[in-house]
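Data block below; observations after.
Every chain is numbered from 1 and lettered A, B, ... according to where its sequence line falls, protein lines coming before strand lines. Here the structure is a predicted model, which means the values were calculated and not measured.
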Amino acid sequence: MQKPPPQRGTGMPQGEDPTPTYNNYIRSSLGKGESANHGDHFQGLVALKAYDEKQSDIILKQLSRLLQYGYFTIAGLQQALQVQRIDIGRDEKGLMRIVQHLVLLGLGDGSAGTPLPVPQTAGGMFLAKAVDRLGLEVLVAAWNDLGNERATFLRKQAALRALAAITRASLTSSPDDATYAQGLYETLRGLLDKVDALRAGRRGLAHIISQAHGNRKKNLIADMRQRVEMWSLLRGAFAAARLALPRSALYKVAQRSLSALGSSDPVCARHALALASLVARDPSGCGSFIAAVEPLLRHNVETAKRTGALHLGIMPAKRSGGSSAGDPTQLPDSESHLNLRDTWARVYLARACAAVIQSGHIAGDVGDRGAVFWQALLLLAVADPSERVALEAIRAMFGAPYPRGTTAAAMRAPGAGARLSVATSPAEVDAESSQSKIMGASWHLVMTQALEQPPVQEPGSSSAGGAPGADSVPPVGAAGVRADDAGIFGRVARRLLRCLQSRSHALICGAARTVAVLAESRAWFHSLSGGHGHEAEPDVVRRWMRALHGFLLMLASDDGLSGCERAAALEALIWNQDQLLTPSPGLLLRAVSHGGFTAPPIARYTFADPWPECLLVEVLGVLARRLRCTAGMPPELVLELAGALAAGSPSGMPREALQALWDLAPGPLAARTALQLLSAPLPPLCQPPAAAAVEVKSMAAQAEMAFNNLKAMAACWLGEHVNNIAGEYAWKPWETKMSTGSADAASAAESAAPEVSEGPNAAPRAPHGGDKHKSAGDAGATDASQAGRGIGIGVGGPEAPMARMAEAAVTHSPLLSMSIAQLNRAQLTGAPVVRVAAAQALGKLAVRSGEPYRIQCYSLLAAAVGRIGGVCGGAAADPLGLAPVVDPTIEVLDAMYAGELVLERHVALYGTRARGWPAAALESLRRRHEWLLTTIGCAVCAVPRDLFLPLGPRSRRLLFPNDKEDAEEDARNAAAAEAQQQQEQYGDQQYYDEFGQPYQYDYSTAEQYDYGDYYNNASQQEEDQSDSYGQQHDPLARYDFTGQKAAAAVELNWGAEQPGAYDGVDDATAVAEARPAVVLYSFQAESEGEVSVTVGDSVRVVHDLGEWFQVLTSGGQQGLVPASYIQLLDEQQGTDSGGGRGQTQGSPLQSQLSVGSGSAAGGNSAQPRQRQSAEGAQSGYGYAYGSGGQQESGGGAAGSTSGYYPYQYDNPEYDAGGPDGTYGSYYGDYGSQYGGDPYGANAYGSSVYGGGTYGDEGGKKKKGFGGLDDIGAVLVEAKNAVAAARQQQQSVGPLGSGSSGGQTTTTPPSPSKLALDGFHARSNPLATQSDVTVYDAVSEPGADTWSSPLQEPAPVAAVSTAADGSDRAKAIYEFVAEMPGELSVSAGEELEIIGGEVDGWYNARVVSDPTRTGIIPASYVQMQ
Amino acid sequence: MDVGRIHCFLVATRGGDVIYERFFDRFTELEKAEIRAAFSAASCNVRMHPDQEQDFIAPYKSTRFAFIPVADTVLYLMGSGEYDEVGLVEVLRVIIQVLKDVLGKVPSSGLILEKYAKLALVVDEVINEGLLEAVDKEAIKKGIKGKAAWE
């Protein structure tokens, strides 16, 4: 066994040569005593070297057995090459023929025999081929005979075959190595030259005829035999060229083939015609083809008009005898006409004729120059005895493209058979376009001739004709047959119908495909003629097309046929122009479920047999072309048919192909289809009967899985494309969207409401006018009933902001709203794979969409992972298991929202132009912008870096300042001021778009533009004047109808930041650097230098002295306090939430609230928002403008997530320990990061901040601010606000009375309430960091029993159980305290319940005596 | 020529045991096994009428194959491009007809195994490396004997 050499060229894997062995079946067939040893049989080959006639039978048997091995070894080939040279005698040519076969096996790509048992590991390997192992010097022995004049014809023929085989194999191994191909070409060229010389010389026809006249019979026979030999060699040459020559060389040989069209050898003529048809297709060669073929073909046609058969034209009247081509005694005048005896020759002729007619040389002029070709084509189509020829001729007549073969490598390619063969490159699109034009023109041509009579009469109608035979259609002239059926089209159609009625499956399939070509060319003609094509159609055409389609409709629903026939029938039906016979999705669903030959027999016969991938792709390809053809079937139906295919055979449906089809379709329609699929119920294939066989159930389970995968694909596709389709991008100006995409998308979505009927799960139909509130609710809801609740509970009255937001969303882009709702439904109710895909899609929508879609998606995502507590009551974190998918998106969105908020505040300080900003702040802004872009790209989706502004539209002019624009804006401001005056004068409002151009909301166009309320706020109007650009630009501003945003900005500004705050950074004082802290325990000063503090006091730690802190009390005293008595707020804050926090100058004690207590000032008015209720998660738009980015237990983003989200490693906000990172340690090493940065910590340490609490100690990991980078602070605020709001909301539920409990869980708190809570909390000077106390403090300032000095801060985990509200109750039994802390009450005493129930106990306070507090068993209490 | 090729010819028993296979492209053993499996899956339990030599068609990846049950065997032919269903069936019928002539009777599995070389050579004459070659019965019969048409 030879060792394999290094792989050549293509690098295809090659294994060790296997030892040829028999498989079990062949072993069992061996006779008694017969050897199964390869070596024994190989001896037969060796024995040929010393051939003995007596051993002839034995050798034959051994060689036969050798053929059974399935692999002919390299060693065997070498042996065979040696044997091939031996001449063992005339009688043993049969043995040598076997040797030649073995040589071909060894040289060529293929293999033969029986299946070779190979090790499993070698299954993917190729068997060794001679071309890879042996050099040219060895292999040349295979075709040496070609150079030998004396070699027999058979040897030369074998040599030609061997050369072609090895050339092909070499191209498989090394496509770029043209050694063998060049050799073959040169050989063929020499051979053709020799043959040409022969024809012109002694063995030419003229010479033979003259010899015949001279009656020199002996010489004549010898010459004619040599002549036949010459044709046979020529045949071998053409066959070799067709087999192995690359395209360029093939065209050169093809030019030479024109002279051999009249060969007396029919197979030679066939090969010559095959090559000549290539010339006919070539625009530059078509002329020479016409010149060469027309005179010959004219003879054929003339003869056919007499005899009725084009192919019998070989013996026209010169000889009355037979016409056997192999009989050399006959004298053919073959070179005067085409030899069309071979069936396949006529196939190639049909293609060539069509190519000529369609070429520029004839250009459809079939009445004059192209008459011969047209008549030949007609003869082939209507009169040829071979159905194969007729079908090919009809296809060619109607402009069918040339067939395209495939190769083993193409079949092996990834995705082979699963890709939709649609044109992608411009060249392909052009080719496809020209092909459709050819088809349309061909139809037109046939229509002009449709009623003409064919060149020959039908056998049944001719005077000498016999019976019509198997023709089921009565002959022309008989009763019931119309006269126009005798025309060309009638004849063609009747022939097709006969084929369709055949018993042969292949013929049915071929005929159906031919009808499909007819229908396609008709459709293209209608399309290209602008829909007027039908006007020129004769009645007979319409009648026959309808008849054919009716028959095909029957075939398509016939379960007895295989998928191939039905696919072809469907293909024809899809192209059908007749509305009555259009295939329905139901038909496809049924058709696709049977005849695929993929299911086990029991499933096939009892349940279903879905189509395989290749058939589905074929039909999808037809649908794709149908989409491009504008006439006939509407694109909606095309897409529905594709959906039916998917439902009929989910396992077979390749997702790439379906996606490709959607990509081709008009966007809104494709989105509709995707939505349909997303919300579709399981197809029948997934629901076998309970008593079905296990194979059936297994198949159904696979189908279900595949269908879910398709749904997931639909979700992915929606996430990727729906923004584009809806024209809604965060980076597109709102006004542009309104004017362009909106109307289309709205109208499309109007018609795009999925029609999948699923009862309560029916997809909502997008509104387009009518009742606004109803439409808002509908579009936002996936469940009708829940939608109602969403309206009633979540949105409330007309003043409810969510209602208007939802309404705005729906009216602006119904499609997007509907997609969001459907994706949410899929996210909540779908199979896991669908959930994940839907969540990812929602994430993409959230990032790419502007408001309010972003906040909607954000809320839905947050609800899905249980952050809001709406799903599963909030008890279980991540009830759907989506956290790994959703969390990265949420983090990104949090960062975007928080960043936008910070930016807004800075804009309030420094204006909207970059020139007003400190350089450090701008740099920080850029860093934040870049980081967000990178993170979005890594974690969510691709966004255009040049266009997308994650920090909001305001950041554009800051990031990309433009002097020209600034100048223009100045001018506009002046104009705006003037306009404002006019406005004041006339009460009219003028708005400006992004580019400063005034535009007018057109309220007369109803709901689309109904945002007027948002701008009615007086303070907003003022802002409009001062910052019209920013106001108009901020998408959130459109929805900031409560006016809280501005208020919140004031509340949350970072201390008394003023313009210039970043200046003077060198004047940092110790006081300014003081860190906020709270006193845990009261401390009495005992010695000098110490200072007395009381528990709960808020102080500033000026110096950290280890065990002692030097503090600054609120009274202005400085002194030492034991460190253990002090809780540093910034430290705790950093530990808990991972972010520093801003602080206002005027209320230092508010810092106490910053941890977990929920300073809601920022969040409640600004971007991060959430949905609160379980129903809200389903109902779509019951949003609460509270806050966002809430983390369970107040856990900081860094602490809770940085461990497993890789993208956060680059996040400066979360990079707590990486001082060497690109952005430095954000909270950590200020010394390295901001040491020389005027915008860094020192800025905040300046005296400007007075009693500011910004901790900053160089080198220590302290938390602080980083200006715009300090998104964490805002996040913490927002999250705390949410936590507080949630706790309050939850507390109302369980602790409230029974009657109100249900409602509170479904009622999202209104923004105003959240804001109120937040403000209360902030204004409470006695509140501590305990979450519980905050709301106690709100209700009863100063009476907080949970914040006793000795009490440790409540564990965060307890927050969820210890409610912070209070409620009235009544003791129904007497309870006597047994343990300290318990509350003794008598029956009937009024109680105030503080917090929720904990382990069956309430914390209560006696109403009549508030000093009596304690815990009491819940069963002793009745809530009131 | 990219207009079409014959990729595979295969003869198997009705039970699925492969008697003869001829691949004309360089497939891996795994791909060959897949093709055999597709043939077998398509033809198993197909309602065949042994005497009628009904043709059937089925798809495999981007190709088609046709099969015709003859006696206790099934003959398959796989092709693409111009070798579509009708063409494949036509070629199959040529092979079956010549086999009947050459073998003297209907090609059964036992007969084929016995006259294995004849089957191989008939196929070789009809299909030359994936290209349809001879269809004339007499020419094929002479070809497998190693004789030219005039000999």
Side-chain angles (χ1 to χ4, degrees), chain A residues 25 29 60 63-64 67-68 93-94 96-98 101 108-112 114-116 118 122-126 153-154 161 164-165 168 172 225 228 239 242-243 267 326 328 342 344 388 391 402-408 411 416-417 504-507 509-510 562-564 597 601 612 614-615, chain B residues 1-5 17-31 33 36 41-42 44-45 54-64 66 80-82 84-90 113 116-117 120-121 124 128-129 131-135 138-139 144-150:
Chain A
Y25 175 69
S29 72
L60 180 63
L63 289 181
S64 294
L67 288 172
Q68 288 183 328
K93 285 184 177 174
M96 290 310 292
R97 179 68 185 85
I98 297 177
H101 174 64
D109 267 343
S111 62
T114 52
L116 185 73
V118 293
M125 301 290 184
F126 292 95
F153 163 74
L154 285 171
R161 281 187 169 198
R168 188 173 180 85
T172 308
R225 176 182 156 175
V228 174
R242 289 183 67 195
L243 258 180
V267 179
D342 191 274
W344 288 75
R388 158 143 186 77
L391 294 179
Y402 259 50
R404 292 181 66 180
T406 186
T407 61
M411 281 191 263
S504 166
H505 289 231
L507 205 51
C509 185
S562 80
C564 290
F597 291 138
C614 44
L615 276 183
Chain B
M1 293 287 280
D2 55 354
V3 294
R5 266 180 76 70
D17 290 312
V18 177
I19 301 170
Y20 177 74
E21 62 182 14
R22 177 77 167 98
F23 291 96
F24 297 101
D25 292 284
R26 207 181 296 189
F27 292 109
T28 65
E29 293 303 299
L30 206 59
E31 289 164 345
R36 287 177 209 126
C44 71
N45 291 340
Q54 170 78 46
D55 58 72
F56 297 90
I57 52 174
Y60 173 75
K61 291 194 176 173
S62 50
T63 67
R64 294 288 167 87
S80 63
E82 67 183 7
D84 58 4
E85 305 86 359
V86 187
L88 289 174
V89 167
E90 195 172 292
L113 282 171
Y116 204 77
L121 294 180
D124 203 34
N128 172 27
E129 294 290 314
L131 197 67
L132 177 69
E133 195 62 45
V135 288
E138 298 306 318
I144 66 171
K145 290 176 186 167
K147 292 179 181 173
W150 55 88

Please classify the contact between [X] and chain A as side chain, backbone, both or neither, with a heavy-atom cut-off of under 4.5 Å.
X       : value
I19(B)  : both
E129(B) : both
K61(B)  : both
A42(B)  : both
V89(B)  : side chain
E138(B) : neither
F27(B)  : both

Chain A: which of [options] shares the most heavy-atom pairs with it under 4.5 Å?
options                  : value
D17(B), D25(B), I57(B)   : I57(B)
R36(B), E133(B), K145(B) : E133(B)
T63(B), L88(B), L113(B)  : L113(B)

Toward chain B, the part of [X] with a non-hydrogen atom under 4.5 Å:
X       : result
R388(A) : both
S562(A) : side chain
S29(A)  : side chain
L154(A) : side chain
L391(A) : side chain
L615(A) : side chain
P612(A) : side chain

Rounded to the nearest 0.5 Å, what's the gap from [atom1] on [X] to [atom2] on [Y]? Could you check?
X       : Y       : atom1 : atom2 : value
Y116(B) : I98(A)  : OH    : CD1   : 12.5 Å
R97(A)  : K147(B) : CZ    : NZ    : 14.0 Å
L67(A)  : R22(B)  : CG    : CZ    : 10.5 Å
R161(A) : D124(B) : CZ    : CG    : 5.5 Å
D84(B)  : C564(A) : CG    : SG    : 11.0 Å
E29(B)  : S111(A) : CD    : OG    : 6.5 Å

Could you check which of A165(A), P115(A), G563(A), A164(A) has the highest count of heavy-atom pairs closer than 4.5 Å to chain B? P115(A)
Taking all heavy atoms of [X] and all of [Y], pick out the closest pair and write down the distance.
X       : Y       : value
Y25(A)  : V18(B)  : CD2-O, 3.8 Å
G510(A) : V86(B)  : CA-CG2, 3.9 Å
D55(B)  : A506(A) : OD1-N, 3.0 Å
N128(B) : A239(A) : ND2-CB, 4.4 Å
W344(A) : G87(B)  : CZ2-CA, 3.9 Å

Any chance you could lay out the side-chain contact (heavy atoms from CB on, under 4.5 Å) test for I144(B) and H101(A), step after step, and finish with the verdict? CA-CA 10 Å; I144(B) 66 171; H101(A) 174 64; over 6 Å; no
In sequence, state the C-alpha distance, the side-chain angles, and the governing distance for M411(A) and S80(B), and then conclude on side-chain contact (heavy atoms from CB on, under 4.5 Å). CA-CA 11 Å; M411(A) 281 191 263; S80(B) 63; over 6 Å; no
